[in-house]
Amino acid sequence: RSLRETPGAPDSKPKKKLAVMTSGGDSPGMNAAVRAVVRAGIYYGCDVFAVYEGYEGLLKGGEYLKHMQWSDVRGWLSEGGTLIGTARCMEFRERKGRKQAAANLIEQGIDALVVCGGDGSLTGADLFRSEWPSLVEELVSDGRFTAQQVHPYRNLTIVGLVGSIDNDMSGTDSTIGAYSALERICEMVDYIDATAKSHSRAFVVEVMGRHCGWLALMAGIATAADYIFIPERAAPQNKWQDEMKEVCRRHKAKGRRNITVIVAEGALDTELNPITAEQVKTALVELGLDTRITTLGHVQRGGTAVAHDRWLATMQGVDAVKAVLEMTPDTPSPLIGILEEKIIRIPLMESVKLTKQVAAAIQEKDFDKAISLRDTEFIELYESFISTTIKDSTAVPESGPLRVAIVHVGAPSAALNAATRAASLYCLANGHKPFAIINGFSGLIQTGEVRELSWIDVEDWHNLGGSEIGTNRCAAADDMGAVAYHFQKNEFDGLIIIGGFEGFKSLQQLYSARSQYPVFNIPMVMIPSTVSNNVPGTEYSLGTDTCLNALVNYTDAIKQSASATRRRVFVVEVQGGHSGYVASFTGLVTGAVSVYTPEKKIDLHSIQEDLALLKENFRHDQGENRNGKLLIRNEQASSIYTTELIADIIAEQSNGRFGVRTAVPGHVQQGGVPSSKDRVAACRFAVKSVKFLESWNEKAKQAASHDDRQLGFRYVKGVKTPMLPNNDASAAVICVNGSTVSFKPVNDLWQNETDVELRKGHDIHWSEFTKVGDILSGRCNLRKEV
Ligand code: ATP
């Protein structure tokens, strides 16, 4: 759905009076959602109100329903919590309370409500909608309004946004605030790890999640915990202690210094008895471990939103307004969700029903059903945690151990190590042998160094930035003969390339060299990992989220620095090569006035437009929120309009009304600790990749037993071994597109989707960010006025 297709594009008469509110527990990103609803609402010609203090404000009415202006939400992207307040309101659970709320809305002429909250808040909202006609009738028969007065308000429109740190809503992959809470947990556990390692201690960390184990599961994966307890997968009564001890004992025996166990606050055993942090501690003490408990509590809720939540809340807020405008009285209330990278609409009450079914399944002790009701990502990651951390295998698989090579190619990005760790642990738990190619293909060509990775080598690579095995931009074709020689010598059965565009290019080169060097007739897979997110065929690369978080923190800090001097503009130069993804995303989530990308021509006209917008912005900036303004420029946006030149032109043309500075975060974007989202995705993609190698080796074996005349052979330790059927699909890139994750053949991507010269894909999958960014920055309004 494109914004331009929305019925009733902007015109002068107010279309709808809509109100936005936050309800239930607060979560980071709620302010971004309110900002998006307010500004998109105004842009589409609506009158927008904010309901202060949740349903309590709806019941009180009057000043609690505030008519919002464009500038009221300035600076809200970088604020934590919810600035319009939230509350739990018992009266709204009663019909009498809802009748009062209806009266207050009719008084203001409001008949559409965007509610950002948890399943309780959204259930209440849907009930309110279903009762609305009868509530209105009652208000007329009570004499509070005449039939004529209520005539325009016969139906109430409700749209739901899920604001919850627990990520407990079915039907959507993530909720607004969940990744921010996860980020906070990871930061805290990383701190704890340092001291735990020093003293060889065990830590039991209790995290939030009364009915949902998402935070505990993701934190378990992202912090390399030894064991987790979640409500959906109840631990066997009276046996969990021994099972947990066995895993921890094994990890200690392998050389791990610290032990971490993550417990969701709603963790249960199979008889529904709560599993408490204290009980877990007792079991660990029995194992002889010096054990401490840390309950993270409200630290998880606090702080500002991470880049992902700012983006999610912004895109969903805009879609909520579009949904309000498109809905008819017969449309079921929608919930705005997300599947992988795609914003979706789903029937609100179906999601609430599914969410409640999880709790019911837990109560019925049907834990298989409980976990199956969670989304695909949750299930896959639960299995990944088991197969990398809990499972142990010394048995060699029937088809023999696979010798899996892992190589990093390109500039460092934050999750290279996390992906290598997960791939290695999965290999080791399944009887395979992981090998690191040291220092990329140039390392292999020059020194031939290949190192077998052991459990203890990789176990704490989950939160290390950079590359522990070394990375290099050199592509495989620099000396294909040497690469083939070392592949033959090491008898690799499969290859995982983790990296950016050069990695992609190397995969294509290896694929193309198969006819010349039969040794490359093994399954090969690439995990995109680059801050630029420029690998063709996918919308998501590891490392990009870390880079975006770094940019969000950086821009928050420089904007804040300008609050003392008041009138200051920053031209921030970001990475991305010839791809404008990072710049466009950053512009959207930092509320930049303008974004310069290689995809969009910069000229004097566009800079003039920026100037007009800056002047307009500063004109309305009164009192608080007088922070700096941002212009985001991709490093390759133009060879003429450099960052300095743009800053100089704007400074010159501002006639002293504001000062202009340049800011270049540089390598801060590549380095640092990987974000929780990148760590979790690294684990998911790495496990999927080894499974891909397993399945292709299995296919080769089966094909050989059917008709070996069609197959080539290679020699492994002098034994004639079948090669893969020469199939394009056996050399692939793991890609995320909208709501799907798939392996796409590299040859197809290279032939049809790659701009080799500009080192990126043809598809500009982020173009919607620019459109939304232009609406929310006010640029579109300015153009209308012009
Ligand atoms: P969280 O996930 O943070 O708990 P939530 O939205 O589920 O968020 P609740 O306390 O369940 O939080 O609900 C918030 C408010 O929504 C309640 O205080 C009440 O005003 C309203 N509400 C919840 N459930 C209902 C319901 N069944 N009928 C009417 N109103 C409800």
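For ligands, and for the atoms within them, numbers begin at 1 and follow the listed sequence.
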- Query: Under 3.5 Å between some N or O of ligand 1 and some N or O of G25?
  - Reply: yes
- Dump the intermediate steps for side chain to side chain donor-acceptor pair (under 3.5 Å) on Q69 and R74, then the final yes or no. CA-CA 10 Å; Q69 306 302 327; R74 182 153 290 150; over 6 Å; no
- Item | ligand 1 N/O within reach of D119 N/O, cut-off under 3.5 Å | yes
- Message: L122 versus ligand 1: do any nitrogen or oxygen atoms come within less than 3.5 Å of each other?
- Response: no
- Give the residue, atom name and distance (to 0.1 Å) of the protein heavy atom nearest atom 27 (N) of ligand 1. T123 CG2, 3.9 Å
- Result of checking E341, E183, E377 against K677 for salt bridge (Lys or Arg N to Asp or Glu O under 4.0 Å): E341
- Message: Starting from atom 29 (C) of ligand 1, what is the nearest protein heavy atom, named by residue and atom, and what distance separates them?
- Response: G124 CA, 3.5 Å
- Item | Backbone or side-chain N or O of G118 under 3.5 Å from ligand 1 N or O | yes
- Task: Could you check atom 15 (C) of ligand 1 against the protein and tell me its nearest heavy-atom contact, residue, atom and distance included?
- Result: S23 OG, 3.8 Å
- Message: If I apply the N/O under 3.5 Å rule, does R88 come out as touching ligand 1?
- Response: yes
- Task: With heavy atoms of S121 as the reference, note each atom of ligand 1 found under 4.0 Å away.
- Result: 5 (P), 6 (O), 13 (O), 14 (C), 16 (O)
- Task: Determine whether the side chains of S180 and D309 contain a donor N or O and an acceptor N or O closer than 3.5 Å.
- Result: yes
- Message: Run the side-chain contact (heavy atoms from CB on, under 4.5 Å) test on T294 and Y191 for me, step by step, so that the C-alpha distance in whole Å, both residues' side-chain angles and the decisive distance to 0.1 Å come before the verdict.
- Response: CA-CA 12 Å; T294 299; Y191 294 159; over 6 Å; no
- Message: Using a plain distance cutoff, I'd like to know if D168 has any nitrogen or oxygen under 3.5 Å from a nitrogen or oxygen of ligand 1.
- Response: no
- Proximity of Y55 to ligand 1 by residue part, where a heavy atom lies under 4.0 Å: side chain
- Measure from the side-chain N and O atoms of W132 to the backbone N and O of Y153, and report whether any donor-acceptor pair falls under 3.5 Å. yes
- Which of the ligand 1 atoms, numbered from 1, are nearer than 4.0 Å to a heavy atom of C89: 17 (C), 18 (O), 19 (C), 20 (O)
- Kindly say whether G25 contributes a backbone atom to a donor-acceptor pair with the side chain of S164 at under 3.5 angstrom? no
- Worked verdict on S134 versus R95 for side chain to side chain donor-acceptor pair (under 3.5 Å): CA-CA 11 Å; S134 63; R95 189 176 161 87; 3.2 Å; yes
- Message: Under a 3.5 Å distance rule, please check whether K17 uses its side chain to pair with a backbone N or O of Q108 as donor and acceptor.
- Response: yes
- For atom 24 (N) of ligand 1, what's the nearest protein heavy atom and its distance? G120 O, 3.2 Å
Identify all side-chain donor-acceptor contacts of residues 266-279 below 3.5 Å with residues at least two apart in sequence or on another chain.
{"unit_1": "D269", "atom_1": "OD1", "unit_2": "E271", "atom_2": "N", "d": "2.8"}
{"unit_1": "D269", "atom_1": "OD1", "unit_2": "L272", "atom_2": "N", "d": "3.1"}
{"unit_1": "D269", "atom_1": "OD1", "unit_2": "N273", "atom_2": "N", "d": "2.9"}
{"unit_1": "D269", "atom_1": "OD1", "unit_2": "N273", "atom_2": "ND2", "d": "3.4"}
{"unit_1": "D269", "atom_1": "OD2", "unit_2": "N273", "atom_2": "ND2", "d": "3.1"}
{"unit_1": "T270", "atom_1": "OG1", "unit_2": "Q237", "atom_2": "N", "d": "2.9"}
{"unit_1": "E271", "atom_1": "OE1", "unit_2": "K365", "atom_2": "NZ", "d": "2.9"}
{"unit_1": "T276", "atom_1": "OG1", "unit_2": "Q279", "atom_2": "N", "d": "3.1"}
{"unit_1": "Q279", "atom_1": "OE1", "unit_2": "T276", "atom_2": "N", "d": "3.1"}

